[in-house]
2 protein chains.
Amino acid sequence: MKSTITPVPTADVTTASKARGRGPMRSGVVNMKDVAERAGVSTSTVSRVIAQNPAVHEQTKERVLAAMADLNYVVNGLAQSMQGRGSRAVGFLVSHMVGPTFADVAQGVEEEVAKLGDLLTIITTHADPSGEMKALQQMREQRARAVLLVGASPTGQDYEERLRKYQEFLSATDTQLILCGHQHVSSVPGLQSVDYDNIGGIRAAVEHLAALGHRRIAYLGAAEGHSTAEQRLRGFELAMKDSGLDLDPAIIPASTFEVEPCEAALENLVSTGADFTAVIAARDEIAVRALRVFRNHGLSVPDDVSLVGFDDMPFMGDLTPALTTVRVPYRELGRRAGMLITDSGPDSPQVLPVELVVRASTSALHE
Amino acid sequence: MKSTITPVPTADVTTASKARGRGPMRSGVVNMKDVAERAGVSTSTVSRVIAQNPAVHEQTKERVLAAMADLNYVVNGLAQSMQGRGSRAVGFLVSHMVGPTFADVAQGVEEEVAKLGDLLTIITTHADPSGEMKALQQMREQRARAVLLVGASPTGQDYEERLRKYQEFLSATDTQLILCGHQHVSSVPGLQSVDYDNIGGIRAAVEHLAALGHRRIAYLGAAEGHSTAEQRLRGFELAMKDSGLDLDPAIIPASTFEVEPCEAALENLVSTGADFTAVIAARDEIAVRALRVFRNHGLSVPDDVSLVGFDDMPFMGDLTPALTTVRVPYRELGRRAGMLITDSGPDSPQVLPVELVVRASTSALHE
DNA sequence: TTGTATGCGTTATCAT
DNA sequence: ATGATAACGCATACAA
């Protein structure tokens, strides 16, 4: 029968309190050498047992395993990572951890990288270049396998320049850089990306409204300088043109991707009696505000005006009226990004399709 | 003038391709020794510069800094951590990364631990003991500073036993175990916890309804075996008693904490003409379904029946009618957990207060 | 102020 | 099948 020693984890180890000369103190945690001594073998053998190396005698292996159990041994992953195989960290950089879209993307990534035993490290950058650099530096120091830049970014030459710097920055530690939920940037060599079809989503919305007879479609969230906002706006412009509809600046108020300014802009549109029969909101959160504005003004959705959102956030189908919106496969987006890291997906830039979910907030134009 | 050498990160390092005898191959990444040689100093000096040790001559320091820049040197955080210096991992274990509550808690934790330079590692356990153990093992191997068990859990002796095991398990690597969003478990010594006031939240809901004249209050989400569900149900029972109201099993259908069964239970209640004037849903998501059921049956909220939810998820104020619900400070919950790790908060078990947000779904009982 | 020597815990190579 | 040894990259005690 096996011995039933109850080990006291951090104490009673042979060398625990050994008086030593130089260098830092022992952590007090059981290490491989302790196991080796207890099992009467060398550390090499212990290492082999851990690595499941078959070239270990069955009996020896059992002795080692027993020693490990007795001493409550836990292999040091940091030391393992130092042996060249690289660390198992995958960095997930996001401006803020906000809402279900973040959660879905993160979940998708985790599902994939966990398959290989990689660890997802999430850092918020506060939408700040210096925060971004700080996070990248941490990921370099951790010798991360990959870093995901998740979500929208400022647009323009500046940012591409920054990405280029990031890419070079990370190359010093052989860390892969991946854009997730951001249009592909071809000017940065070696930069991979996974995105979803913003343009197609807005196009679907426009075509849906056009098919219902709408010709005067307002757009909320028209903004420059924000990658996602620009993509969606561009989609709107393209689709309107392709549908033979007029792009009237009067009902495409320039604002930001934020909720408040859009609400104010719509408020203004409604108060001044602007001419439109439908509204496309660049984000569900804007659409929700629009709903509120219309209600305040005694306007009925969809009888007086049709409304389409974007993202299909939770509860959008539970509003009154239920919101017609564009569903984005955020979870799948994360999964694809993860597959890029684990080499189980194609290397070419991916753009995931989105889907228009038609609900009650849109209806055919009367007469 | 300084030299303007453009360094090629992973190549051209003096010892990069040195033929060697034993051990693993060099990673090819610039290390401290490379920097030391280039600066004409010892690695000790380089180390001191990195550690901001003031006992380094200004000129020497600049030479070292220059060498680091030239070679594109990045300190190895893993090696640092092995000396007890570098940043450490903080594990965030959650069954699924779902919704804004998860995101808020995680954001709160990150805010705090980032202050010490620690890294937040998020792992999903799939509500599965073996997944939990796997995650704990990974965190031990990473020598994590702390592990957070986030969210509800199964209840019962079994689970407390498991927690005890977890605690002992993690003690082998000096890793702190913290419960977050779960009632304190005093039977496990050394186990810390941060929770919010489920009981008080439901009590506030009951008292609000009672003040409005309601006496027949139904409860949706009455379930055993789920820590949060049990807490809230217990809060309901206590508050009803304290308010002098009857606990009628007929309108407290036993179900689960899941949405579907609760919806079915309410459907049944309504169809059979059960006697109640108000409903408390144990979660907002259940409340949303209740809204749907009432609408389908032509019942008006709050005219025919008042409704209260719990969590104050996004958009609850945008429903029709706007939902009265209990707001939980999830972000602050995360922050407190983080403070436990960084030792900037009290060690005693914390229970954060919640707040009833009164909106349109509740109203005074007619006559 | 700086360098030397040693240790952190692991794995890979070579030799037996 | 097993062990001795030399890395991995860094930090510290001590000597100078």
Side-chain angles (χ1 to χ4, degrees), chain A residues 13 15-16 18-37 39-61 63-64 68 71 73-87 140-143 173, chain B residues 13 15-16 18-37 39-61 63-64 68 71 73-87 140-143 173:
Chain A
V13 177
T15 56
K18 182 171 63 176
R20 294 185 15 270
R22 293 214 190 0
M25 293 218 313
R26 271 211 53 181
S27 64
V29 174
V30 178
N31 64 17
M32 191 175 267
K33 201 173 158 199
D34 298 324
V35 174
E37 281 170 9
V41 298
S42 72
T43 59
S44 311
T45 300
V46 177
S47 179
R48 288 189 188 102
V49 170
I50 290 172
Q52 317 247 34
N53 188 328
V56 180
H57 197 77
E58 193 58 33
Q59 295 207 358
T60 316
K61 182 172 154 188
R63 278 216 323 280
V64 171
M68 291 186 1
L71 295 176
Y73 169 71
V74 181
V75 67
N76 187 324
L78 300 133
Q80 281 186 317
S81 293
M82 276 187 57
Q83 315 304 352
R85 257 217 312 276
S87 89
R140 295 210 303 179
E141 294 180 357
Q142 295 300 309
R143 300 294 190 265
T173 51
Chain B
V13 177
T15 56
K18 181 172 67 175
R20 292 183 19 270
R22 294 212 189 2
M25 293 217 314
R26 272 212 52 182
S27 63
V29 176
V30 178
N31 64 15
M32 190 175 270
K33 200 172 160 201
D34 298 324
V35 174
E37 281 171 8
V41 298
S42 73
T43 59
S44 314
T45 302
V46 177
S47 178
R48 289 189 187 102
V49 171
I50 291 173
Q52 316 248 34
N53 189 327
V56 180
H57 197 77
E58 193 59 33
Q59 294 207 359
T60 316
K61 183 172 154 187
R63 281 218 319 282
V64 171
M68 290 185 3
L71 294 177
Y73 170 70
V74 181
V75 67
N76 188 324
L78 301 139
Q80 280 186 317
S81 293
M82 279 188 56
Q83 324 297 337
R85 293 301 136 183
S87 71
R140 296 210 302 178
E141 294 181 358
Q142 296 301 308
R143 299 296 188 264
T173 50

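Throughout, protein chains are lettered first and strands after them, A, B, ... in sequence-line order, and every chain is numbered starting at 1.
Among the atoms of the strands shown, base atoms are found under 4.0 Å from some heavy atom of A/M32. The residue B/V46 sits apart from the nucleic acid: no heavy atom pair falls under 4.0 Å.
Looking at the side chain of B/S47, the nearest of the listed nucleotides D/dT12, C/dT2, C/dT11 is D/dT12. Residue A/S42 places its side chain closer to D/dG3 than to any other of D/dC10, C/dT10, D/dG3. Relative to the side chain of A/N31, the nucleotides D/dT2, C/dT1, C/dG9 differ in distance, and C/dG9 lies closest. If you check D/dT2, C/dT10, D/dT12 against the side chain of B/S44, the one that comes closest is D/dT12. Among C/dT2, C/dT10, D/dC10, the nucleotide with an atom closest to any side-chain atom of A/A79 is C/dT10.
In terms of heavy atoms, B/Y73 sits closest to A/R140 at O-NH2, 4.5 Å.
Phosphate contact (OP1/OP2 of D/dG3, side-chain N/O of A/T43, threshold under 4.0 Å): absent. One finds no side-chain N or O of B/Q80 lying less than 4.0 angstrom from the OP1 or OP2 phosphate oxygen of D/dG9.
In this structure, the CE atom of B/M82 is 14 Å from the P atom of D/dT12, given to the nearest Å. In this structure, A/K33 places its NZ atom 15 Å from P of D/dG3, rounding to the nearest Å. The CD atom of A/E141 sits 10 Å away from the P atom of D/dC10 (whole-angstrom rounding). As a whole-Å value, the separation of B/E58 CD from C/dT1 C1' is 13 Å. Atoms CG (A/L78) and P (D/dC10) sit 14 Å apart, rounded to a whole Å. Residue B/N53 contributes atom CG, which lies 11 Å from atom P of D/dA11 at whole-angstrom precision. With rounding to whole Å, B/M68 atom CE is found 14 Å from D/dG9 atom C1'. Rounded to an integer number of Å, the gap from CD of B/E37 to C1' of C/dT4 is 15 Å.
Judged by distance alone, the side chains of A/S81 and A/Q142 never bring a donor and an acceptor atom under 3.5 Å apart.
The residue among B/R48 and B/G77 whose nearest nucleotide of DNA chain D is located toward the 5' end is B/G77. Nearer the 5' end of DNA chain C, as judged by each residue's closest nucleotide, is the contact made by B/K61, out of B/R143 and B/K61.
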Using a 3.5 Å cut-off and no angle test, enumerate the donor-acceptor pairs between side-chain atoms of residues 46-58 of chain A and protein atoms at least two apart in sequence or in another chain.
residue, atom, partner, partner atom, Å
A/N53, OD1, A/A55, N, 2.9

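A donor N or O paired with an acceptor N or O is found under 3.5 Å between the base of D/dC8 and the side-chain atoms of A/Q83.
Using a 4.5 Å cut-off on side-chain heavy atoms (C-beta onward), A/V74 and B/R143 make contact.
Side-chain atoms of B/R85 never come within 3.5 Å of backbone atoms of B/Q80 as a donor-acceptor pair (strictly under, hydrogens ignored).
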